[in-house]
Visitor: 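First the structure, then my questions, so here it is.
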Amino acid sequence: MLSVRLLTKITAAGSILLLALSGCDRKQENTDSTLYLIGGDFKGFDPVDSGDTESAEEVCRVYEGLLEYSYLERPYKVTPRLAEALPEISEDGLTYTFRLRKGIRFTDDPCFPGGKGREVTATDFVYSFKRMLDPRRQSDGDWIFIHHVLGARGWAEKGEFDAPLPGFVAVDDYTLQIKLAKPYPQLRWVLTMSYAFVVPREAVELYKKKFREHPVGTGPFRLKSWRQRYRIEYERNPSFSGQRYPDKGMPGDREAGLLDDAGKPLPIVERIVLYDVSEYYTFWQMFLGGQIGASALNKDYFEKAVTPQLGLSDDLKRRGVRLYKTPEPSTWYIGFNMKDTVVGGNNPKLRQAFACAINVPKLCEVIYNNRYTPANSLIPPGIAGHTEKPYAYTYNPERAKRLIAQAGYPGGRDKNGNPLRLTMIMPGAGSTDVRQMGEFFADHLRALGVELVAQQLSFAEYLRREHDGNYQVMYAGWIGDYPDAENFLNLFYSPNKCPGVNATNYQNPEFDKLYERIAIMTDSPERTALYEQMVDMVMADCPWALMTYPLTYGLYQPWFQNYKRHPFSYASSKYHKVLPH
Amino acid sequence: MSAAASKPESLWAIAWHQLRRNRLAMICLGILTAYIIIWFYAEGVFWRGRILDKTPTYKVAHYEIRNLPPSAHHWLGTNYAGKDNLLLVAQGTRIAFEIGLLTSFIVIPLGFVLGALAGYFGRKTDTVITYLFSVIGSVPDILLIIGIAYVIHGVVDRSTAMQALTRYVDSGLLSVCIAMGFTGWVGLCRLIRGEYIKHRDRQYVLAARALGVGHLGIMFRHIAPNVLHIVIINFSLRFPGLILTEVVLSFLGVGIANEPSWGAIINDAKQRLWLGNWWELAGATAAMFFLVLALNLFGDALRDALDPKLRTADTKSA
């Protein structure tokens, strides 16, 4: 859920996430069936260690799991991948039975007898899940199972790998059962994540520490060569089993040409070549030069490509370039440490005053060129539980002044008459945008008589301070891991307090009770109503001053096809197509 | 000099005459005076805000006039938050001088005392001090400064005493000054050490020793006045280097965070340079250019005047 992925995205907030390149490596042949991409630095091909977006994306090219997201359908929907169908769920919601597809093979690799990839069985899933929970692997993804799967915590504490884990049962070669200690409707979402992908035991045992450089998966591609921090080459995995391009989409997809390849075998491109380039200027030149198929837009280049009316600039229009705009399932906020003696505690007035003092629409304009929109709920749009109800603490300097006086700091002064001084930690040492944002907040609080000191920290330091709850105020963001409000509400559940994901140390027994109820409910109007009630509860206490919802803007070339951004799925490259150009 | 001269001229008076004759040096001195006036003005604005507890004008954002080009109202245009660039550049002058002075408070005592000890006592003391400055001198300055600045940033963030201090001095400024102070003394230390080696066996020193003056007395009352000009020359030549380093650090985001230093202004300016907004960059760069140039030229002239042995050929022939 949190942070590794979150923080990579924070880093990417000003830079880029995904760029697809095509066609211009003149030395290569078959340019039209090769997808050229640009990626960032990533950790390697080990599903258990793929918490950041860059690693998740590479892992998803070579490995697969039981379930995946439907590429075109919205709202986000889970479909079976290595499972034959969605799981059968027992009456009590505690047993999930998966029937595996027959004939799925790992790609050929010297780790198998005779070098020929063998068939995937239920035992492989049990092995892979246990491997992810193994404390020696220190996977940051263990949260997807450890709280819910029967006996998972006990097994992990015991630390004997071959001891049975009662929650994962290989009934026969093609039947896998996951048994839960308590209902966990989010299981279907987390099973799409790269942490839950299947790996062969033979490869792990043969390559040991080098396993991260030797992926042996069932995915659409297989690794041909990897030169770290320079170039990765993938080729089509010959044993990839018969997945076809979807024939169902949303209204508008057909017109956008997204269904032209319906029914075609995947992957569509033969080869992927990925270069590690970290300078945005280089990407931009490559995009203009027609080498890159798609590019997210960073702040510096936004004004060059997009008009003030948020349309595409004439120059790019002439080139046939198209603009895409998708909301990201994330919320940015200013978090208050509820354990802090000044901003924390049961008196929400000071926090509310803080929230009312900040002109968020102006923030969007000045810092984000209106690429972000003001947030009105903890839960971002596109996720059940989000409402259009206006935010309770919109910018209102007069109200902020009244509130801060009621909080016991009239005119922003403390009892000794000194200006109240608050310290805010922000991720991104050395980033111009973050510094300007810090100045922006400080300027607004100064109008309230409060002195805000913005500390720009390195990510590692910021993470540690957040994790330890060692801060007063923080600027932070949460990026949803799956399209369920529960993923946002668990940030306020008191057993998750620091060092857990509840980084504000929010505690409200009533909220906890409701959370325990919704966490095991399946999607229903009743659950949505509870979500809204819980959001209101948190809003009243104001541990977060809501800031923004990001929108991703990007560009793609006319010859780069089948591109539809999916904020939760990292496995899109098998659908992409490159036309000769 | 005529025999009629009633009073011999002091070293400083000779140096001043020398400088007066150098037109370029006088122009530079004029420029420096202008900068000092701006500096005092900026300090006044800053402290007035502090004492009266008011937000100084340069800090007030006007979002409705962001990124304006130069005009009669805003001679250097406005920045991303609608703050007047000219006022920011003036405040940058304050930061530059503060940096130079605060750092010199660390560099001069440290370099002078260590250099004096090494040069005067020689032997083991010299070996230890030479080893120390050789090690520090061997690490590329900017890397060491960034490293130390980060560490000090961390210390400042954690200690409550330092937090209290940051009410008056920007925490970034403090850490940059300390970092530059601890790396910048090497050059001065070398020079002073050399001078002390030269002086320690001179007759006036031997005489003082014969009269029973203690080591400290000899070092600081007898030799020090004879090498003090080195400190002044070194200070005036090092000053522009310090300003430039701060600009580089702030540009890289390590330096001053909450006050408008030239580096931070240039860092902001780079975001819009490609849109053709040249004025943000021009203001800070020009301010820095003329100050550094004036300081360098004046420093050279001062060295020529104060240290006759180093006088350049044309002044010798004059």
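Please read all numbers here as calculations on a predicted model, not as lab measurements. Reminder, nothing fancy here: chain letters follow the sequence lines and each chain counts from 1.
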Visitor: For Tyr395(A), does the OH atom sit with more than 12 other heavy atoms under 6.0 Å from it, leaving out its own atoms?
Guide: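 Buried by this count: over 12 neighbours within 6.0 Å.
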Visitor: Do you know which of Arg421(A), Gln456(A), Glu451(A) has the most heavy-atom pairs under 4.5 Å to chain B?
Guide: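 Most pairs with chain B among the choices: Arg421(A).
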Visitor: Please report whether the ring centroid of Phe440(A) lies less than 6.0 Å from that of Tyr80(B).
Guide: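 So the answer is no for these two rings.
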Visitor: Given side chains that start at C-beta, do those of Arg446(A) and Val60(B) come closer than 4.5 Å, heavy atoms only?
Guide: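 Side chain of Arg446(A) against side chain of Val60(B), heavy atoms only: no contact under 4.5 Å found.
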Visitor: Salt bridge or not between Glu439(A) and Lys59(B)? Use side-chain N to carboxylate O under 4.0 Å.
Guide: no
Visitor: Distance check, rounded to the nearest 0.5 Å: Asp443(A) atom CG versus His62(B) atom NE2?
Guide: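 The NE2 atom of His62(B) is 10.0 Å from CG of Asp443(A), to the nearest 0.5 Å.
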Visitor: Heavy-atom pairs under 4.5 Å with chain A: which of Ala264(B), Gly82(B), Ala81(B) has the most?
Guide: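 Sorted descending by pairs with chain A, the first entry is Ala264(B).
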Visitor: Evaluate the side-chain proximity of Asn79(B) to Gln436(A): yes if any heavy-atom separation is below 4.5 Å, no if none is.
Guide: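 Not touching, per the 4.5 Å side-chain cut-off.
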Visitor: Measuring from Asp268(B):CG to Asp433(A):CG, what's the distance to the nearest 0.5 Å?
Guide: 9.5 Å
Visitor: Counting only heavy atoms from other residues, nucleotides and ligands, does the tally under 6.0 Å from CZ of Arg464(A) exceed 12?
Guide: yes
